Every structure is written in structure tokens, then in C-alpha cells.
2 protein chains.
Amino acid sequence: MSQTPPPPLHLTAGRHTRPERTEGDLQHCLLCDRSRGGLCNGIDRDGLEALAHSSRRLILPPGSTMVEEGQSAESFFNITRGTVKLFKSLPDGRRQITGFADPGQFLGLSRSGLYAFGAETVDTVHACRFQRPQFEALLNDQPDLKRNLLAAVTDKLAEAQEQMLLLGRKTAREKVASFLLGRAQAEQTMLGDTPPDPTPVAPVPMTRVDIADYLGLTIETVSRTISALRREKLIASTENHSIRILLPEALRQIATGQTAI
Amino acid sequence: MSQTPPPPLHLTAGRHTRPERTEGDLQHCLLCDRSRGGLCNGIDRDGLEALAHSSRRLILPPGSTMVEEGQSAESFFNITRGTVKLFKSLPDGRRQITGFADPGQFLGLSRSGLYAFGAETVDTVHACRFQRPQFEALLNDQPDLKRNLLAAVTDKLAEAQEQMLLLGRKTAREKVASFLLGRAQAEQTMLGDTPPDPTPVAPVPMTRVDIADYLGLTIETVSRTISALRREKLIASTENHSIRILLPEALRQIATGQTAI
DNA sequence: CGTAGAGTTGATGTAATTCAAAAAATGTGG
DNA sequence: CCACATTTTTTGAATTACATCAACTCTACG
């Protein structure tokens with residue numbers, strides 16, 4: 001059909017925690033039909049062109065602030081590479097990470113016009129930014145986009161409910177097991193239809209601080225718990241910030257509180 | 001324009017925790033423009049007729065199951081009176097209440113086709129039920145409805161994020177203070193544009209078990225904490241399952257962790 | 001007025017935090 | 001490429017906020 005795509009134009013410094021992957025020949029910026037949360041499923045070529053036109057590609061180094069809690073919600077983002085953490089904070093600095101946005105996911109919706117959360121890149125992140133008014137216009141023009149967005153937000157809400165169960169009712173061990181399985185699941189989802197790995201890998205580009213703030217624990221408890229799981233040979237650390245899940249079923253039992261120890 | 005509306009047709013047993021209020025003369029079942037989450041803001045008369053036509057009024061006694069986790073998501077509900085609790089459970093019975101749905105709010109969205117949560121009435125609840133296919137048709141026919149629903153879900157997501165901060169990072173005292181303020185806020189939102197009460201009332205129709213499962217605490221801790229706040233004259237119990245907030249500003253300070261004690 | 005369910009209060013236990021320090025990992029400049 | 005500085009992670013000991021266990025009180029309702 002066409003030649004090999006040209007190499008990516010923009011490159012920034014910073015370690016890449018995930019192997020490089022070349023994009024397809026379509027030059028718009030959304031990783032569309034690749035993930036279950038894909039916002040442009042079923043949108044026609046013209047629609048995609050319109051989307052590409054009103055968005056701008058961004059490449060952000062690790063630790064960049066994308067959104068600040070309480071600020072005017074001017075932008076809507078779609079993540080195409082890397083991981084973003086979303087969080088809320090208390091005045092004294094205590095912080096709760098409410099979720100991680102991986103490729104194919106969005107962030108930046110707001111009801112009030114102000115962001116209700118902060119967002120920061122975990123590693124090097126590629127994203128598309130839409131300006132709010134233009135994005136709202138797109139939503140009105142493209143009923144499918146609105147539909148997909150509604151589905152995606154519904155999904156996020158279900159995830160949030162699951163996380164509330166974790167935060168309110170699970171033990172440290174159950175929390176960590178759930179987290180690792182969730183990361184492995186996210187990786188699986190991102191890769192698409194590949195055969196299920198008997199010992200899946202959970203990408204963990206975030207620090208212990210981030211994990212602790214996500215699970216409502218301290219870094220020490222996270223560290224101790226991961227060490228214990230490793231000692232018990234349920235997981236094994238691999239290179240470049242990943243953890244291999246050696247016994248997924250056992251870990252699942254732990255994550256759902258179905259184990260005595 | 002018209003006479004006094006006829007008295008309500010259906011009545012069920014069970015204490016009413018909120019004074020009776022007669023509906024307007026429009027006979028559809030959604031409490032529309034009354035609350036910020038109103039699903040039919042801006043929908044024209046014809047649209048409202050269509051909505052009314054594809055929904056059915058329900059009156060449910062306290063403790064009724066509306067939705068069961070894992071079951072096929074056949075219905076979508078809009079609450080018009082009373083309070084519903086939404087929750088997720090672990091196999092061993094531990095439970096996390098992820099939210100309370102008050103009048104004007106919806107429940108029953110699902111991405112997967114299965115409910116990701118359970119829902120049970122706290123007190124006597126009036127609701128409108130839509131069958132799923134019909135509701136989806138309505139969504140497609142009424143772009144405003146889809147828009148309102150997207151806004152409402154976005155709101156729910158922000159609420160969920162706030163609750164994650166509470167569950168993961170707040171102390172028992174901060175949790176209870178936040179809960180009471182949230183209930184008072186919900187009441188204020190439901191009442192509409194009334195002058196702000198200097199000592200607002202938080203309706204608490206739910207039991208200590210429910211509060212504990214909402215805050216990720218035990219009933220004993222909830223009880224002790226409420227007693228402490230009462231002893232300190234920050235709150236006062238009133239009749240019929242309500243708590244009056246005597247010092248809202250002080251409680252807000254506690255809720256956001258800005259107090260030493 | 002008696003009983004059952006809900007709520008409160010007290011005594012004790014413990015999972016996770018806090019405080020502290022060593023060990024690894026990561027980055028930096030010669 | 002290797003010493004050195006800095007940050008991150010791990011491990012250990014002591015503390016604590018909340019849970020658990022247990023008993024008592026209140027309220028609603030026949």
C-alpha cells in the first residue's frame with residue numbers, strides 16, 4: 001500500500017521505559033482503535049482529519065506538569081506514549097494518585113471549568129493537546145466521538161470504584177497484588193490482541209513514592225510488601241522498571257482477599 | 001395556569017427521612033432542572049415526553065436491591081426521592097460503598113454490559129427506570145441528553161477522585177468531617193437556590209454500618225468520632241437522622257487536614 | 001413492657017506508620 | 001570508564017491510629 005513511514009520528527013532526552021514503536025502512515029495523533037478506551041473508534045476519515053487538525057502533538061520529559069488542580073481547564077489531552085499520573089492533594093502535602101493514564105487514554109475533562117486534579121508525566125510522554133472550545137465543537141460535530149468519550153468516562157468511573165474498594169477495604173498485601181495485576185493488565189490492553197502470557201510483565205515506570213500515593217500506603221510498606229512477594233517467588237524483578245508475575249493466579253487470589261496468609 | 005396537583009398515587013410503608021414534597025404539574029418522572037446533575041436540562045417538551053414515555057416510575061422500600069454486581073445491565077435509573085447506596089464487595093464480604101445517589105442523580109451505566117457495582121435503597125426511594133435499549137435510543141435522538149449525561153458522569157468521576165483522596169490519605173476524624181460536610185452539601189444542592197444556612201443540616205438516613213463502609217472505617221470508629229465532634233460542640237444531633245453542623249468553617253478545616261488536633 | 005437491632009463506650013491487639021540507618025541504584029565530571 | 005555525590009530503595013526497631021473484642025445503653029415497635 002505505502003512505503004515505510006518516515007522516522008519520528010521529534011525526539012527528546014530521557015530514558016524510554018517501553019520499546020520504540022513506529023506509528024502507522026496516518027499522520028493524525030490519536031492512537032485510535034488500538035485500545036479499548038480508543039476515542040475515535042468508528043470515526044470516518046474526514047472526522048479523523050478534523051481531529052488531527054485541531055490537536056497538537058506534544059513530547060514531555062519525565063516529571064512535567066500537564067495540569068494543575070484548580071486551574072482553568074483549557075486543554076484536553078490524549079496520551080499516545082508513556083504514562084501520566086493524576087492526583088489530588090491536601091493543603092499539608094499529603095497526596096493521593098487517583099490513576100495512571102497510559103497510551104490510548106485521555107485526561108482533562110472538567111465540569112466546573114477548573115481542573116479537579118493535577119497531572120504529571122511519569123516518564124517521557126507523547127500526547128495530543130486539544131484546546132477546549134475546539135474539542136467541544138468536535139464533540140458536537142462527531143456524535144461517535146461523544147459516544148466514545150461517554151463510554152471511556154464510564155470505564156474510568158468503574159475503575160475509580162474498584163480503586164475505592166482497594167483503598168477503603170484491602171490490606172497492604174492485597175493492594176500491592178492488585179496494583180501489579182492492574183499494571184500487567186494495562187500492558188496487555190496496550191499491546192492489543194497478543195496471546196496471553198503465562199507470566200505477564202507489569203511495567204512499573206513510577207517510583208515507590210508514586211506507588212505508595214496510589215495505594216494509600218507509605219513507601220516503606222510498599223517496599224516491604226514487594227520484597228515479601230519476591231521472597232515468596234510470586235513475582236520477580238526484571239530489568240528496566242518491570243516486574244514479572246510468576247504466579248498470576250496466586251497473585252489474583254491475594255488481590256481479592258481469598259488467601260489466609 | 002393550573003390547579004393544585006393531585007396527591008401522589010403510590011405510597012409505601014417506611015419512615016420518610018425528608019419532608020414530602022409535591023411534584024410540579026408536568027407528569028414525567030425526572031427531577032430535571034432542579035439539580036446540577038439534572039439530565040434533562042435544556043431538553044424541549046417533545047424530548048421530555050419521549051423520556052417520560054420510555055421510563056417507568058418505581059417506589060422502593062428501604063433495603064431494596066436495585067442492581068447486583070456482575071448482573072446484566074438492563075436498566076438505567078434516575079432517582080427522584082430518597083437515597084441509594086452504591087457499593088463493591090470482596091468475596092469474604094468486606095464492602096466499600098462508593099457513593100450515595102440522592103434525588104436528581106442517576107445510576108446504572110455500564111461499559112461491559114454487566115453492572116460493576118451493587119445498589120440498594122437506604123430509605124424509601126422513588127426512581128424512574130429506563131430499559132437499556134430504549135435509553136440508548138433516547139441518547140442518540142437527544143444530543144442534549146447525551147451531553148448532560150457526559151457532564152453528569154464527569155462530575156461523578158471528580159467526586160470519586162475526591163473520595164479516593166479521603167480513603168487513601170485522610171484520618172478518621174478528617175473522613176467523618178468530610179462526610180458530614182458532603183451530606184450537608186448534597187442537601188443544599190437538592191434544595192436548590194435557598195439562602196445558605198449558617199448551621200446547615202446533614203441528612204444521615206444511612207446506618208453506622210453504611211457510613212463505615214463508605215469511609216473505610218469500622219462502625220466503632222465512626223461512632224467514637226461523631227461522639228468526639230459532638231462533645232467538642234462542632235456538631236449536634238437533631239431529630240430524624242440528621243446532624244446539625246454548628247461550626248461549618250471549623251469542620252471544613254478539619255476535613256482538609258488544616259488543624260493540629 | 002419486652003425484645004431485637006442499632007449505637008455507644010471501654011479494654012486490648014495489631015497492621016501499618018514513623019523514625020532511623022544501611023544498601024542499591026542513578027547520575028556526574030574527571 | 002571509574003570514583004564520588006545524590007537519590008531511591010530496602011531493612012530494622014519503636015510507635016500509633018485504628019481495629020477487634022466485649023459489654024452496656026438506647027430506641028423503635030410489636
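Worth saying up front: this structure is predicted, and the values here are computed from it rather than measured. Chain letters run A, B, ... following the sequence lines, proteins first and then strands; every chain starts at 1.
Under the rule for a salt bridge (Lys or Arg N to Asp or Glu O under 4.0 Å), the partners of B/Glu69 that lie at least two apart in sequence or sit in another chain are B/Lys88. Legend: residues meeting side chain to side chain contact (heavy atoms under 4.5 Å, CB included) with A/Ile219, ordered by chain and number and at least two apart, are A/Arg208, A/Val209, A/Ala212. With sequence neighbours excluded, the residues forming a ring-ring contact (aromatic ring centres under 6.0 Å, His included) with B/Phe100 are B/Tyr214, listed by chain and number.
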Please list, for nucleotides 16-18 of chain D, all pairs of protein and nucleotide N/O atoms separated by less than 3.5 Å.
residue : atom : partner  : partner atom : Å
D/dC18  : OP1  : B/Ala172 : N            : 2.8

Short N/O separations, protein against nucleotides 19-25 of chain C, under 3.5 angstrom:
residue : atom : partner  : partner atom : Å
C/dC19  : N4   : A/Glu220 : OE2          : 3.1

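The distance between atom CD1 of B/Ile219 and atom P of C/dT8, rounded to the nearest whole Å, is 10 Å. The distance between atom CZ of B/Arg230 and atom P of D/dC26, rounded to the nearest whole Å, is 13 Å. One can place NZ of A/Lys175 at 12 Å from C1' of C/dT17, the figure rounded to the nearest angstrom. To the nearest angstrom, C1' of D/dT11 lies 14 Å from CD1 of A/Ile226. Counting to the nearest Å, the P atom of C/dG5 and the CG atom of B/Asp210 are 16 Å from each other. Atom CZ of A/Arg169 and atom P of C/dA16 are 13 Å apart (whole Å).
Inter-axis angle, ends of the helix from C/dC1-D/dG30 to C/dG30-D/dC1, five pairs per end, rounded to 10 degrees: 40°.
Salt bridge absent: B/Asp123 and B/Arg81 never bring a charged side-chain N and a carboxylate O closer than 4.0 Å. Taking a cutoff of 4.0 Å between a charged side-chain nitrogen and a carboxylate oxygen, B/Arg183 and B/Asp102 qualify as a salt bridge. Between B/Arg95 and B/Asp210 there is a salt bridge, with a side-chain nitrogen of the basic residue lying less than 4.0 Å from a carboxylate oxygen of the acidic one.
Dashed line: the shortest gap from a side-chain N or O of A/Ser227 to OP1 or OP2 of D/dT11 is under 4.0 Å.
No cation-pi contact links A/Arg129 to A/Phe77, judged by a cut-off of 6.0 Å to the six-membered ring centre and 45° from its axis.
Note: A/Phe106 and A/Phe76 meet the aromatic proximity criterion, with ring centroids under 6.0 Å apart.
Among the atoms of the strands shown, only primed sugar atoms or phosphate atoms (P, OP1, OP2) are found under 4.0 Å from some heavy atom of B/Thr207.
Distance from the side chain of B/Arg208 is smallest for C/dG7 among the nucleotides C/dT9, D/dT9, C/dG7.
Using a 4.5 Å heavy-atom threshold, the side chains of B/Met66 and B/Ile79 count as touching. Side-chain atoms of B/Leu217 and B/Lys175, non-hydrogen and from C-beta on, do get closer than 4.5 Å to each other. Looking only at side-chain heavy atoms (C-beta outward), A/Val176 and A/Leu215 come within less than 4.5 Å of each other.
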